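Quantities reported herein were computed from a predicted structural model and do not represent experimental measurements. Letters A, B, ... mirror the listed sequences (proteins, then strands); counts begin at 1.
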Amino acid sequence: MNYPANKLYFPKFGWNGLLIVGDVPYDEKSVAAPFMQSHLGSLQILLKKSDILGLKGDCAFANICSQFPYKGLMNNLDQSIIDAELAQFNELINEIKPRFVLVLGRQTARYLFKTSDLEEERGAPFHSYNSIPTILSFHPKEIFRQYEMNIVAQSDFAKMRKIMMSGWEPAKWNINYQPTFQEVLSMLTKFLESKAPLSADIETGSDLRMTCIGLCYNTTSAIVIPFRIPGGRYWNEVEERAVWRLLAKVLETCPLLGQNSVHFDHFVLCIMHKIAPNFIGDTMLAHHEVYCEMPKSLGFINSLYLMNPYWKDVLREARSGKRPYVDEFEYCGKDTIGTLQGAIEIKKEFKELPPKAYEHYKFNIRVSRTFQYMGMNGVLFDTAKCNARIKELDEETKQRELELRVLAGKPNLNVKSPKQMIKWLYEDLKLPPKYIEKKQENGDSEMRETSDYLTLLRLAHEFPDRKELMLAAKLRKVYKRLSTLSTIRVRPDGRVGYAFNIVGTVTGRASAKKPLDKFGIQPQNQDRRDRDLFLGDDQWLKADLEGADAWTVAAMLEAMGDSTMMLDLKTGVKPAQILAIAQCFGSNLITLPAHELLEYKPRLKEIIKQEEVSRGPGKTIYDICKAESHGSNYGMGPQTGVDNIFIRSEGELYITPAQFKQAQLLYEKRYSKLIKLQEKMVSLLNSHGYLDAYSGNRRYFFGRRDNNTVREMLSQLPQAHTTYVTNLLLERLYYWPGNRQSTNRRKFIAAPANQVHDETDIMFKLGDLDQVREIFNKCCKNEIVCWGIKYTIPFEANYGPNWGDAHEEL
DNA sequence: TTCTGTACGTA
DNA sequence: CGTACGTACAGAAA
């Protein structure tokens with residue numbers, strides 16, 4: 001074999017048949033062989049962990065490119081050179097005839113197989129070069145940049161070992177995706193009679209109506225019922241009516257499994273087709289319970305747990321006409337099979353977890369119904385008031401626009417354009433550039449000029465004569481607010497809806513977005529000043545968790561032997577208040593017991609009140625202390641802390657990083673175990689690698705063992721616990737029979753309406769106030785045990801006519 | 001028309 | 001190097 005050593009390493013004493021392919025050499029200097037230095041090191045670890053090293057014989061290594069291109073990027077080479085290298089590589093494959101191929105890295109996949117997105121197709125086996133089983137995975141250098149990928153690469157390598165042991169052929173699936181009328185009727189009838197568990201998946205058109213539905217009844221078989229074909233319907237009118245009638249019965253009575261179905265499919269079936277599907281399981285929610293840090297898509301689930309080839313590229317191609325349209329129906333069938341197979345594999349993973357994890361999964365399935373109810377029901381929107389506000393803000397922008405034009409002398413400056421703003425600041429005004437760090441694809445970070453809000457505030461602070469800076473900053477914010485308001489589309493019934501994803505975040509918080517039909521809002525990031533536009537169905541009840549995150553921080557500290565923070569919270573003084581008291585009345589007070597500090601609270605409140613009048617909201621000593629205590633709890637650096645205070649006070653409160661550090665030291669003097677908590681996280685990371693929340697959810701931390709991961713760990717349990725407590729309230733409000741109207745059991749007395757992490761919003765009629773009080777107090781009870789410490793996170797509930805004006809104490 | 005980067009809203 | 005998100009706009013790529 002006469003290939004240069006920098007192109008191919010071939011084992012001298014026996015080969016196991018596996019060829020591992022990379023893109024380019026290690027660097028300019030280390031070009032003698034493929035995979036050198038640390039790349040070889042991490043590759044060896046992956047091979048060892050997957051036990052490929054335990055197989056007979058060694059692996060062969062190759063690179064597409066035998067030279068190191070500028071910055072390691074192959075597109076910096078002449079096309080002729082790339083062509084020659086690729087030709088030589090193909091020749092090499094033909095000659096050594098590998099039995100298995102592992103392709104590592106984006107560039108490698110792109111140049112060998114035109115893979116546009118490695119992340120998408122990674123981990124799914126396919127046949128290459130005359131049917132050689134092949135898997136794409138990450139290159140060691142990519143893992144080095146994003147260490148969490150390591151665990152995924154391990155799974156890819158383990159899959160390759162399995163293939164090396166027993167070979168690979170794509171499983172034969174039996175998908176009837178162009179069924180006859182009789183076939184559909186007989187299958188649906190059969191499902192109905194046996195009440196068979198089914199996995200279901202729908203495809204929808206741009207109007208959100210179903211194009212087809214897939215129903216899978218065992219791990220390799222599915223039937224797909226098409227409804228829409230290009231330019232028409234699949235069935236004639238009579239047939240279609242019969243199919244829908246039977247299908248609705250099946251969906252409402254058979255136990256259904258789906259993926260993201262408790263949100264997406266449920267919404268479409270309920271709203272567009274008036275069918276209430278009986279989803280009792282969801283692969284995505286199960287996947288979240290097992291590996292909440294990992295990506296959430298069926299493609300990823302397939303790549304992680306299953307041996308199927310990749311199929312998720314088919315849908316787009318079928319719709320764009322690149323493939324026959326019926327491929328969409330087959331695709332739908334594949335999705336249902338993937339969903340069922342995934343569920344079976346994930347169920348096995350649950351056995352490795354405490355039983356509480358599965359309980360939490362079931363809990364989430366239950367609560368998902370509450371979220372669906374809230375999102376689909378939505379809230380009343382005050383369109384008239386909104387229009388008035390838009391007009392008001394429009395005037396404001398016009399005026400500011402004029403002022404800016406005069407001050408800046410630039411008639412056409414668009415403050416919404418980052419490009420134009422940067423040119424204006426640093427070329428026209430010649431101000432000293434401010435930068436933000438930007439990570440590049442090759443892993444280097446680059447400093448890039450920025451014109452964000454913080455930058456404008458800083459420049460305005462440095463150059464007080466340049467009034468146009470502040471003006472531009474404020475103008476841009478008004479534009480943001482204006483665009484949010486003016487893009488709201490309201491349903492015909494005057495309401496705005498939304499959509500939740502109960503497993504939308506790694507910490508277990510729900511994420512939210514605009515509803516699928518676009519008639520609504522993102523309910524979790526509405527501007528405080530515009531919350532009065534969202535009206536209660538009579539009354540709006542707003543229930544906030546009091547000191548939400550702090551309770552869990554306090555519990556962790558108490559578990560480590562310091563109950564100061566817990567006592568403070570129980571006594572009714574918040575850590576930020578104590579910090580403020582110490583800063584106002586003497587730093588020696590920082591060690592005083594909670595009940596003595598209580599006496600200073602009235603005086604502190606007086607100061608805050610005065611400052612609020614003289615400086616405006618968000619600019620008081622308490623606001624500074626809140627930022628300081630929050631930052632200290634989560635390992636924030638002084639610079640970021642200072643920046644946050646600067647931003648929140650609209651550039652008016654400037655404290656130095658040293659002052660911030662001083663406050664942190666004061667804070668740590670009272671809560672001395674805070675530092676130890678960080679150390680404890682490091683040791684937990686080493687000993688277990690995960691954190692268990694009281695809800696039952698376990699989060700594995702796949703990142704590097706560094707400060708970054710420690711900070712993620714510090715925020716995990718506080719977020720997970722506040723989420724659990726909030727969801728517990730929602731679940732009880734939804735399912736407790738005592739919260740239903742006696743005249744109409746389908747209607748709530750206290751109706752769940754929205755959730756913003758530590759805030760729960762509820763609708764009620766003023767006449768029901770006493771009942772609501774009783775129901776709420778019953779449903780909001782909770783008890784958390786964190787690291788052996790028992791505590792309750794209390795709610796503070798207020799109500800009023802709308803979201804923004806809920807000030808009356810419940 | 002679709003994708004990416006920047007900026008900014010929430011807890 | 002706080003954590004966790006989603007959306008709008010500009011401007012480039014397709």
List, one per line, each side-chain donor-acceptor pair under 3.5 Å for residues 674-685 of chain A, sequence neighbours excluded.
| from | atom 1 | to | atom 2 | distance (Å) |
| --- | --- | --- | --- | --- |
| A:S683 | OG | A:K680 | O | 3.1 |

Can you tell me how the ring of [X] sits relative to the ring of [Y], calling it parallel under 30°, perpendicular over 60° and tilted otherwise?
{"X": "A:Y671", "Y": "A:Y667", "answer": "perpendicular"}
{"X": "A:Y791", "Y": "A:W551", "answer": "parallel"}
{"X": "A:Y700", "Y": "A:F702", "answer": "parallel"}

How would you label the contact of [X] with the nucleic acid (heavy atoms, under 4.0 Å): base, sugar-phosphate, or nothing?
{"X": "A:Y479", "result": "nothing"}
{"X": "A:T722", "result": "nothing"}
{"X": "A:N708", "result": "sugar-phosphate"}
{"X": "A:G637", "result": "sugar-phosphate"}

Should [X] and [Y] count as an ion pair when the cut-off is N to O under 4.0 Å?
{"X": "A:E142", "Y": "A:R106", "result": "yes"}
{"X": "A:R529", "Y": "A:E392", "result": "no"}
{"X": "A:R389", "Y": "A:D530", "result": "yes"}

* **Strand-adjacent residues in residues 500-532 of chain A, judged by heavy atoms under 4.0 Å from DNA chain B** => A:R509, A:Q524, A:N525, A:Q526, A:D527, A:R528, A:R531

* Within residues 670-680 of chain A, residues whose heavy atoms come under 4.0 Å of DNA chain B -> none

* Structure fact -> In whole angstroms, the gap separating P of C:dA4 from CD of A:Q719 amounts to 7 Å

* Write down the partner of C:dC1 under the Watson-Crick or G-U wobble criteria, each distance required to be under 3.5 Å. => none

* To do: Using the side-chain contact (heavy atoms from CB on, under 4.5 Å) rule, take A:M470 and A:L457 through it: C-alpha gap first, then chi angles, then the decisive distance, then the call.
  => CA-CA 7 Å; A:M470 209 53 193; A:L457 290 184; 3.4 Å; yes

* Give a yes or no on whether the ring-centroid distance for A:F534 and A:F381 is below 6.0 angstrom. => yes

* Worked check of side chain to side chain donor-acceptor pair (under 3.5 Å) between A:Q639 and A:D643 -> CA-CA 6 Å; A:Q639 186 59 56; A:D643 290 346; 3.0 Å; yes

* Asked: Mind checking which nucleotides bracket the chain A contacts on DNA chain B, 5' to 3', with an atom under 4.0 Å from a heavy atom?
  -> B:dC3 to B:dA11

* Only counting residues at least two apart or in another chain, list the ones meeting side chain to side chain donor-acceptor pair (under 3.5 Å) with A:Y291. => A:E349

* Please check if any side-chain donor atom of A:Y361 sits under 3.5 Å from a side-chain acceptor atom of A:D282, or the reverse. => no

* **Under 3.5 Å: donor-acceptor pair, side chain of A:R711, backbone of A:D706** => no

* Base, backbone or nothing for each nucleotide of nucleotides 9-14 of chain C, written B, S, -, heavy atoms under 4.0 angstrom, 5' to 3'? -> SSSS--

